[in-house]
Amino acid sequence: MVSIQNQIVLITGASSGIGEACAKIFAQAGASLILAARRLDRLEKLAKTITDEYQAQVYPLQLDVCDRSQVETAFNALPEPWSSIDILINNAGLSRGLDKLYEGDIQDWEEMIDTNVKGLLYVTRSIVPGMVNRKQGHVINIASVAGQQAYPGGGVYCATKAAVKTLSTGLKMDLLGTPIRVSNIDPGLVETEFSQVRFHGDAERAKTVYKGLTPLTPEDVAEVVLFCATRPPHVSISDVLILATDQATATMVHRQP
Ligand code: NDP
Ligand code: 8X3
């Protein structure tokens, strides 16, 4: 395991779930963190916990990744040493709705495409040139098993995650010949606020997604992200599929009655 002590790690979508778990495990490993999301109150609370528990340096950043000019302004304005980002974890993302494609809510589609695809691109475009100049960096994209295979009602979400995976592959090609690494992580079912967001706050419906099975925890995924980030410089973990034991594919899960 290579040390990431004092490295600067930017985590998007750090206010909840997988992003929050990444924040904690990277802080424990000695990294300094830029925590980005829209809910600043959550980020500030997390920053306090992390600072108290791990004595890590934390920079909470209120950011909507869909807002291109906000993304550009925020990253251009980062003071040193925060602007020298070593590891970018592109995690911010969401699903909205589970409707048949021909009946879907177009606003839901816009939100998923704007966040999961365009938001990830805006952040990547802002951060990677600095990595190339400094000849150091690692981009870790959180895609999904849903990008490997569509499921009913998930067409648009699955398409955004397939796009993330393809962007990871393309970025890896474009960075060939530089020391910058790219990792694509495809988690299966992880119990977070993800399904509550998908069902527009319907907590009861969200619970049914994980009923009768043992889903992954955000910490399970964060451990894999940390593993990717702590390989020696000549090793690039390009693709990881991490599933609950009760899940085989995007559509096949085993549930206890
Ligand atoms: P959560 O809903 O718990 O977390 C999502 C995070 O994304 C929140 O911190 C949210 O913060 C942030 N976010 C959403 N929209 C924006 C935006 N416009 N700008 C900035 N931040 C934003 O879900 P998860 O932790 O599960 O999801 C994290 C990632 O993992 C997503 O990309 C998701 O698609 C992916 N994933 C999830 C799986 C699961 O089963 N849970 C499985 C596979 C992949 P805020 O609202 O404060 O902005
Ligand atoms: C999230 C996993 O199966 O709920 O990407 O779409 S799933």
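Numbering of ligands and ligand atoms starts at 1, following listing order. Position 1 is the first residue of the sequence, and the numbers go up from there. All heavy atoms count here, side chains included; hydrogens, waters and symmetry mates do not.
Assignment of D64 to the shell around ligand 1 is supported, since a heavy atom sits closer than 4.0 Å.
Applying the ring pair (Phe, Tyr, Trp, His ring centres under 6.0 Å) definition to pairs two or more places apart or across chains, those involving residues 175-209 are Y157-F194.
In summary, the side chains of S69 and E72 do not present any donor paired with an acceptor at a separation below 3.5 Å, with no hydrogens or angles considered. The closest side-chain donor-acceptor pair between Q196 and D202, if any, does not fall under 3.5 angstrom. Side-chain contact of R198 with S95: a donor-acceptor pair under 3.5 Å is present, judged by distance alone. Side-chain atoms of Y151 and T249 include no donor-acceptor pair closer than 3.5 Å.
Regarding atom 21 (N) of ligand 1, its nearest protein heavy-atom neighbour is A92 CB, 3.6 Å. Protein heavy atom in closest approach to atom 11 (O) of ligand 1: S15 OG, 2.9 Å. Closest to atom 34 (O) of ligand 1 among all protein heavy atoms lies Y157 OH, 2.7 Å. Protein heavy atom closest to atom 44 (C) of ligand 1, with residue, atom name and distance, is A143 O, 3.1 Å. Among protein heavy atoms, atom 46 (O) of ligand 1 sits closest to R38 NH2, 2.9 Å. Nearest protein neighbour of atom 19 (N) of ligand 1, counting heavy atoms only, is V65 N, 3.0 Å. The single protein non-hydrogen atom nearest to atom 43 (C) of ligand 1 is P187 O, 3.2 Å, given as residue, atom name and distance. The protein heavy-atom contact nearest to atom 24 (P) of ligand 1 is T192 OG1, 3.4 Å.
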- Query: Does the side-chain contact (heavy atoms from CB on, under 4.5 Å) test come out yes or no for L35 and I50, once each step is laid out?
  - Reply: CA-CA 11 Å; L35 303 179; I50 285 175; 4.2 Å; yes
- Message: Using the rule given for side-chain contact (heavy atoms from CB on, under 4.5 Å), can you reason through V145 versus K161, listing the C-alpha separation, both sets of side-chain angles and the distance that settles it, and then say yes or no?
- Response: CA-CA 8 Å; V145 66; K161 290 301 179 173; over 6 Å; no
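The side-chain hydrogen bond (donor to acceptor under 3.5 Å, both in side chains) test applied to D64 returns no partner, not counting sequence neighbours.
Around atom CZ of R39, more than 12 heavy atoms belonging to other residues, nucleotides or ligands sit under 6.0 Å away.
Here the side chains of I34 and I11 are not in contact, with every heavy-atom distance at 4.5 Å or above. Contact annotation: the side chain of N90 approaches that of N141 to within less than 4.5 Å [non-hydrogen atoms, C-beta and beyond]. Considering only heavy atoms from C-beta on, L216 stays 4.5 Å or farther from L243 through its side chain.
Here L189 has backbone heavy atoms under 4.0 Å from ligand 1, and that is the only part of it that gets that close. If you look at K161 next to ligand 1, the close heavy atoms, those under 4.0 Å, all belong to the side chain. Contacts of Y122 with ligand 1, taken as heavy-atom pairs under 4.0 Å, are absent altogether.
Atom CD of Q149 and atom SG of C158 lie 8.5 Å apart (nearest 0.5 Å). In this structure, L120 CG and N91 CG are separated by 10.0 Å, a value rounded to the nearest 0.5 Å.
Closer than 4.0 angstrom to ligand 2 by heavy atom are S144, A146, Y151, Y157, L189, F194, sorted by chain and number.
If you check each of L94, V190, I89 against atom 41 (N) of ligand 1, the one with the closest non-hydrogen atom is V190. Proximity annotation for atom 31 (C) of ligand 1: of I142, D186, N91, N91 comes nearest, heavy atoms only. Of all the listed residues (S144, G188, P215, S195), G188 holds the heavy atom that lies closest to atom 38 (C) of ligand 1.
Considering both main-chain and side-chain atoms, I18 comes within under 3.5 Å of ligand 1 through a nitrogen or oxygen pair. At a 3.5 angstrom cut-off on N or O pairs, G13 counts as close to ligand 1.
The ligand atoms of ligand 1 that sit less than 4.0 angstrom from a heavy atom of L63 are 19 (N), 20 (C). Counting the atoms of ligand 1 from 1 in the order shown, those under 4.0 Å from a heavy atom of G17 are 3 (O), 25 (O). Near C66, with a cut-off below 4.0 Å to any heavy atom, the atoms of ligand 1 are 18 (N).
Y54 and Y59 fall into different hydrophobic clusters, where Ile, Leu, Val, Met, Phe, Trp and Tyr residues are linked whenever their side-chain heavy atoms come under 4.5 Å apart, directly or through other members.
Residue M252 shares its hydrophobic cluster (ILVMFWY side chains chained together at separations under 4.5 Å) with no other residue.
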